[in-house]
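Proteins come first, then strands; the chains are lettered A, B, ... in the order of their sequence lines, and each starts at number 1. All values below were derived from every heavy atom in this structure, side-chain atoms included, with hydrogens, water molecules and symmetry-related copies excluded.
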Number of protein chains: 4
Amino acid sequence: MSDTFGADRLKSIIERIERLNEEKAGIQGDIKEVYSEAKSAGYDTKAIRKLVSLRKKPASERQEEEGILDSYLNALGMLNTNGAENV
Amino acid sequence: MSDTFGADRLKSIIERIERLNEEKAGIQGDIKEVYSEAKSAGYDTKAIRKLVSLRKKPASERQEEEGILDSYLNALGMLNTNGAENV
Amino acid sequence: MSDTFGADRLKSIIERIERLNEEKAGIQGDIKEVYSEAKSAGYDTKAIRKLVSLRKKPASERQEEEGILDSYLNALGMLNTNGAENV
Amino acid sequence: MSDTFGADRLKSIIERIERLNEEKAGIQGDIKEVYSEAKSAGYDTKAIRKLVSLRKKPASERQEEEGILDSYLNALGMLNTNGAENV
DNA sequence: AAGGAGCCGTTGCGCC
DNA sequence: GGCGCAACGGCTCCTT
């Protein structure tokens with residue numbers, strides 16, 4: 001009944017998605033390997049993950065957010081006000 | 001400097017959120033317990049989870065979605081066309 | 001103090017991860033485009049997503065899961081018992 | 001066939017889960033309201049969310065993690081080395 | 001109406 | 001091998 005009405009088109013779409021998914025999975029595997037290597041070398045992978053995400057945002061934006069957060073921490077009396085401090 | 005300008009208000013907000021988060025965590029714990037019990041009783045928790053989510057949506061809506069999916073499966077020749085079939 | 005003790009090694013790790021992340025993001029963008037195209041062509045992208053995920057698992061496994069779910073639906077009296085029906 | 005073999009037990013499980021889910025949804029709604037109020041009062045909800053999550057972990061643990069992160073930032077030359085420090 | 005952000009549920013990973 | 005946690009992907013709502 002609803003035979004080849006758009007079957008080829010649909011099939012093409014599905015296959016392209018699946019192909020791309022495979023590529024993506026490959027990359028993810030590579031990333032995992034790098035983390036593995038890092039761990040073997042004695043690095044803290046959790047910190048590395050954070051570092052990577054930190055580098056995604058420009059410093060300015062990050063500082064802006066930090067500023068607001070600090071003002072709130074301050075309002076709650078949670079901010080250490082000694083020399084070189086942060087959260 | 002930016003001392004108690006809105007500290008009390010902010011503090012109240014934070015504390016209410018934290019209180020609610022605790023309640024929420026409690027409920028989540030309860031849910032987890034029920035699943036645990038179900039598992040101990042021999043039930044397949046994955047199926048139960050699916051069942052619960054199934055019941056969230058009215059049958060009509062679900063059938064609509066199934067219909068579309070079936071037409072696509074059909075277009076790809078993946079649909080079993082015998083008597084009482086489903087995916 | 002903890003100057004260039006492993007800085008180069010760390011730097012290399014970070015940069016490789018970032019490079020891979022970029023590649024990954026590129027692929028994700030491509031996938032998004034395909035879905036966009038599918039949508040423009042009148043396809044239901046939600047159904048396509050489900051279809052893609054369906055194809056990941058072998059039929060046998062899927063049928064097993066369906067069977068369990070059906071038995072639960074049945075136990076709750078939620079299963080349509082007419083000819084070729086499912087939820 | 002598989003009539004009331006465990007139907008009551010299963011039914012009880014499902015219903016308890018659904019009841020708890022409702023309670024949880026209620027709490028979530030309450031939380032959302034508080035954030036809404038905060039926003040109306042001029043607070044940055046994103047910062048509040050971060051603040052709430054910050055308070056979940058004890059200071060010591062957090063500082064430990066910060067320390068490692070800083071050493072990595074330092075290794076990459078990304079750390080501001082002036083007086084009052086932050087990320 | 002489209003894009004982005006937050007939330008939720010799922011999956012995979014590491015730990016015990 | 002099971003458990004708990006963290007990352008990922010999908011969904012929904014809200015903003016622009």
Side-chain angles (χ1 to χ4, degrees), chain A residues 17-18 20-21 24-40 43-54 56-57 61 65, chain B residues 17 20-21 24-25 27-29 31-33 35-36 39-40 44-57 61-62 65 69, chain C residues 17 20-21 24-25 27-36 38-40 44-54 56-57 61-62 65, chain D residues 17-18 20-36 38-40 44-53 56-57 61 65:
Chain A
I17 291 169
E18 287 178 339
L20 291 166
N21 275 337
K24 196 172 106 180
I27 310 275
Q28 282 171 328
D30 293 345
I31 293 173
K32 191 178 165 184
E33 277 179 32
V34 178
Y35 276 110
S36 246
E37 175 192 327
K39 187 173 182 179
S40 298
Y43 291 104
D44 179 331
T45 57
K46 186 175 174 184
I48 293 184
R49 285 175 198 281
K50 189 150 199 172
L51 182 43
V52 169
S53 79
L54 274 176
K56 278 185 187 167
K57 292 199 171 184
E61 187 177 345
E65 292 175 3
Chain B
I17 291 170
L20 290 166
N21 275 338
K24 191 171 125 182
I27 309 274
Q28 282 170 327
I31 293 173
K32 195 177 167 185
E33 277 179 32
Y35 276 109
S36 246
K39 188 174 181 178
S40 299
D44 179 331
T45 58
K46 185 175 175 184
I48 293 183
R49 282 175 200 280
K50 190 149 200 173
L51 183 43
V52 169
S53 79
L54 276 174
R55 284 161 62 98
K56 276 185 187 168
K57 291 200 173 183
E61 187 177 344
R62 180 146 293 280
E65 292 175 4
L69 181 58
Chain C
I17 290 169
L20 290 166
N21 275 337
K24 191 172 123 181
I27 309 274
Q28 282 171 328
D30 292 344
I31 293 173
K32 193 176 170 183
E33 277 178 33
V34 178
Y35 275 110
S36 247
K39 187 175 183 178
S40 298
D44 179 332
T45 58
K46 186 175 174 184
I48 292 183
R49 284 176 198 281
K50 190 149 200 175
L51 183 43
V52 169
S53 79
L54 275 176
K56 278 185 188 167
K57 293 200 172 182
E61 187 177 346
R62 179 145 295 281
E65 292 176 3
Chain D
I17 291 170
E18 286 178 341
L20 291 166
N21 275 338
E22 282 166 24
E23 288 183 35
K24 190 173 125 184
I27 309 274
Q28 282 169 330
D30 292 345
I31 294 173
K32 194 176 167 186
E33 277 179 32
V34 178
Y35 275 110
S36 246
K39 187 174 183 179
S40 298
D44 179 331
T45 58
K46 187 175 173 183
I48 292 183
R49 286 176 198 279
K50 189 150 200 173
L51 182 43
V52 168
S53 79
K56 277 185 188 168
K57 292 199 174 185
E61 185 177 346
E65 293 176 4

Atom pair distance, as rounded to whole Å: CD in E65(B) and C1' in dC11(F) = 12 Å
ask   = So does K39(B) get a side-chain nitrogen or oxygen closer than 4.0 Å to the phosphate oxygens (OP1/OP2) of dC3(F)?
value = yes
ask   = Hey, does K46(B) reach any base, or is it just sugar-phosphate, or nothing, if we go heavy atoms under 4.0 Å?
value = nothing
ask   = Nearest-Å distance, CD1 (I27(C)) to C1' (dC8(F))?
value = 16 Å
message = Once rounded to the nearest 0.5 Å, what's the spacing between atom NZ of K24(C) and atom CG of D30(A)?
response = 11.0 Å
ask   = So do R55(B) and L51(B) actually touch side chain to side chain, heavy atoms under 4.5 Å?
value = yes
ask   = OG1/T45(B) to NZ/K50(B) distance, rounded to the nearest 0.5 angstrom?
value = 13.5 Å
request  = Answer yes or no: does a side-chain N or O of Q28(A) lie under 4.0 Å from OP1 or OP2 of dG9(F)?
outcome  = yes
task = Send over the distance from K57(D) NZ to dA6(F) C1', rounded to a whole Å.
result = 10 Å
task = Figure out the CD1/C1' separation between I31(C) and dG10(F), and round it to whole Å.
result = 13 Å
task = Between K32(A) and S53(B), name the one whose nearest nucleotide on DNA chain E is closer to the 5' end.
result = S53(B)
query = Rounded to whole angstrom units, what separation is found between the CG atom of L20(B) and the P atom of dC7(E)?
reply = 14 Å
inquiry  = Need to verify one output field. Residue with the more 5' nearest nucleotide on DNA chain F, R49(A) or Y35(C)?
reply    = R49(A)
inquiry  = For a quick test of reading the model, state the closest non-hydrogen atom pair linking A38(C) to I48(C) and the distance between them.
reply    = CB-CD1, 3.8 Å
ask   = Atom NZ of K56(C) and atom C1' of dG10(F): how far apart are they, to the nearest Å?
value = 12 Å
request  = Look at the side-chain N and O atoms of K24(D) and state whether any lies under 4.0 Å from the OP1 or OP2 oxygen of dG9(E).
outcome  = yes
query = Counting any heavy atom closer than 4.0 Å, what does K50(A) reach on the DNA or RNA strands: base, sugar-phosphate only, or nothing?
reply = nothing
task = For E61(C) and dT11(E), give me the distance from atom CD to atom P, rounded to whole Å.
result = 11 Å
ask   = Rounded to the nearest Å, what distance is computed from the CD atom of residue E33(D) to the P atom of nucleotide dC7(E)?
value = 15 Å
message = With rounding to the nearest 0.5 angstrom, report the CD to CG distance, E65(C) to D44(B).
response = 8.0 Å
